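Remember, predicted model here, so these are calculated numbers, not experimental data.
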Amino acid sequence: MSNNGKREAKVTVNGLTKKFGELLVLNDISFKVYEGELLCIVGPTGCGKTTFLNLLSRLIPPTKGNILIDGKDADPKKHNLSFVFQEPSCMPWRTVKENIAYGMEIKKLPQADLDQRLNKIMELVGLTESANLYPNQISSSMEQRVAIARAFAVNPDLLLMDEPYGQLDVKLRYYLEDELVRIWQELKSTVLFVTHNIEEAVYVAERILILTNKPTTVKSEVVVDLPRPRDFRDPKFVEIRKQVTELIKWW
Amino acid sequence: MSDIQSAGSKRILKILPYLSLLSVLAIWELVVDTGLVPNTLLATPIQVIELFIYKLSHADPDGSVLLVHVLTSIGEALTGYTLALLIGIPLGLLMGWFVVAEGLARPIFEMIRPIPPVAWIPLAIFWFGVGLTGKAFIIWASGIVPCVINSFVGVRMTNPVYIRMARTYGASDWEIFKNICVPSALPMVFGGLQVALAASWTALVAAELIAADTGLGFLITMGRRLLMPDMIVLGMLMVGLTGVFIGIVIDRVEKRLVAGVRR
Ligand SMILES: Nc1ncnc2c1ncn2[C@@H]1O[C@H](COP(=O)(O)OP(=O)(O)OP(=O)(O)O)[C@@H](O)[C@H]1O
Ligand SMILES: [Mg+2]
């Protein structure tokens, strides 16, 4: 899986810099995300991970630098982006099904395609039975699955996930991590997964980028070349986890 | 609240309201009957009920039967109120999301808002006379304020995560407004309906007190002119009852609508 040398770059980030007034948050960040890759970004709290994703999705403008998707400037109106937010993002006035369909509606998918994809993705995340429930009738882990299903449903060029499982308990997190890997393998999307949970990163990622404290740059990169399904107790797993932990400790 | 009350106190709570109402009526009747308050100043409850029954079928002395007054008032109120909703809600929603709409409408709105609606009465009579149009205008002016404010605030309170979510899918400003801001503001908008109704009803009665030839406010004025305290009290009670009645109807309609956009 780690034939990165040969893989095509899906996203290229060049010298990305962000200042809020005088506060330099992101300092000259450059890296590539490969086509179909599941890339994790770990970094200390407040280092600018969310800011970074907001830049990638063009919710806020960069101070300097650029982001290219397939060689063109990133633009949510042209590119197919998805964002799974840390906060619950299901619209309470739409059913599970309507929430999942929302991204596809914006993309103006023909109704037949939309229905077909909708059914497939709901099957994939196990929400078919809850299709007509409202968000206040489902649990918060199901809500997060709705958000994930909505994000995958548009077949994104780039899927951004901002600590999507931060609020959930361990058991659900394991379950949803497996689910993420499964959907990603099935749909072959390019995924950028932000977390501060090292174990989570090693469990899901093909490659991990480690960020420094503010002003933030990419400190190093770790390729996780383990077969799936992965095992937390596998000595190789433990070794990589330790390696990442060390990298994070030494600023 | 009800959980902490014992069964006994609940039973008492059922009886007490009737008891207090009855005693007020009894005291009211007594103070007039005993001459403590002269009958020329205050009608007794029995006189009011007698007049109520009489006015059901008799147009004199004020010119119309009771039902005509009630219907006039309701007609004026609903005309002005409906116009207030039709203009105020879209305006407030647009102001909440589109910078241009806020920039243009806000200064005018803020200038007009502190003027109490009843202050418009003289101008309204000037422009539209004492008929339905003038009164509808005054009601419109008082009802539109809560409509605009609630819709505006409703849009402003939209959870920014939904907006960011829509943006990352490439939604246009108009799509975000339509798909996210408006449905998210609806509970606030519905909350404004009752407030607007209360404001409208108050303004209506004030307008009719000053200029009208039918309507419940007019009935009160005629009571004063004809020195009939029973007619004044009847007018007051009818204003209250009709207001409650409209409130219940609006509440029903609102519940239907909210059920339609259930969450
Ligand atoms: N709109 C803004 N204006 C000013 N400063 C901001 C703004 N957004 C973020 N910051 C600052 O930028 C820094 C990075 O914030 P950001 O939310 O991106 O961090 P994070 O890595 O996502 O943190 P966490 O792990 O807590 O989610 C913080 O110091 C924050 O105060
Ligand atoms: Mg964050």
Side-chain angles (χ1 to χ4, degrees), chain A residues 50 53-60 69 74-95 98-109 132-138 143 146-148 150-162 164 192, chain B residues 85 89-90 92-100 147 150-194 251 253-263:
Chain A
T50 300
L53 293 184
N54 286 342
L55 288 169
L56 279 179
S57 59
R58 283 300 155 105
L59 287 171
I60 55 174
I69 299 180
D75 179 353
K77 290 223 161 74
K78 291 202 200 96
H79 293 112
N80 208 341
L81 302 180
S82 277
F83 204 137
V84 178
F85 296 89
Q86 188 165 6
E87 310 91 334
S89 58
C90 288
M91 296 169 278
W93 58 88
R94 281 176 169 245
T95 60
E98 291 162 349
N99 260 291
I100 297 176
Y102 185 66
M104 296 188 281
E105 282 172 27
I106 292 296
K107 304 284 180 197
K108 313 233 165 14
L109 239 72
N132 295 315
L133 297 180
Y134 282 84
N136 64 0
Q137 298 169 304
I138 60 178
E143 247 191 272
V146 173
I148 289 163
R150 178 173 59 205
F152 271 107
V154 296
N155 273 341
D157 292 324
L158 179 60
L159 171 55
L160 307 168
M161 303 180 85
D162 191 1
L192 217 163
Chain B
L85 302 191
I89 293 173
L93 292 172
L94 289 168
M95 280 166 67
W97 179 242
F98 293 100
V99 184
V100 177
C147 287
N150 274 51
S151 314
F152 176 83
V153 173
V155 169
R156 281 298 160 94
M157 283 186 0
T158 305
N159 185 341
V161 176
Y162 305 147
I163 297 175
R164 284 194 278 149
M165 184 268 296
R167 274 245 150 83
T168 49
Y169 288 119
S172 65
D173 272 354
W174 176 252
E175 281 171 322
I176 295 177
F177 175 70
K178 194 176 56 159
N179 303 330
I180 310 280
C181 297
V182 171
S184 154
L186 280 187
M188 261 315 262
V189 172
F190 288 133
L193 296 186
Q194 289 284 346
D251 195 52
V253 175
E254 198 182 313
K255 290 240 167 69
R256 278 270 168 80
L257 289 174
V258 174
V261 290
R262 63 146 302 174
R263 47 188 69 203

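Counting only heavy atoms from C-beta outward, the side chains of A:Trp93 and B:Val182 never approach each other to under 4.5 Å. Side-chain contact between B:Asp251 and B:Arg256: absent, with no pair of heavy atoms (C-beta onward) separated by less than 4.5 Å. Looking only at side-chain heavy atoms (C-beta outward), B:Val189 and B:Asn150 stay at 4.5 Å or farther from each other. For the pair B:Leu193/B:Ile89, a side-chain contact is recorded, criterion being any heavy-atom separation below 4.5 Å from C-beta on.
If you measure heavy-atom distances from A:Arg150 to chain B, the contacts under 4.5 Å come from both the backbone and the side chain. For chain B, the nearby part of A:Leu59 is the side chain; its heavy atoms alone come within less than 4.5 Å. For A:Pro135, no part lies near chain B; criterion is any non-hydrogen pair under 4.5 Å. Proximity to chain B (any heavy atom under 4.5 Å) is restricted, for A:Phe85, to the side chain, taken from C-beta onward. Residue contact with chain B, scored on non-hydrogen atoms closer than 4.5 Å, involves the side chain of A:Asn54 exclusively.
Listed by chain and residue number, A:Tyr102, A:Ile106, B:Glu175 satisfy the side-chain contact (heavy atoms from CB on, under 4.5 Å) test with B:Asn179 (two or more places apart in sequence, or in another chain).
The main-chain N or O of A:Asp157 is never found under 3.5 Å from a side-chain atom of A:Asn80 such that the two would form a donor-acceptor pair.
Contact tally against chain A (heavy-atom pairs below 4.5 Å) for B:Ala171, B:Ser172, B:Ala166: the top residue is B:Ala171. Ranked by heavy-atom pairs under 4.5 Å with chain B, the list A:Pro76, A:Pro88, A:Ala147 is led by A:Pro76.
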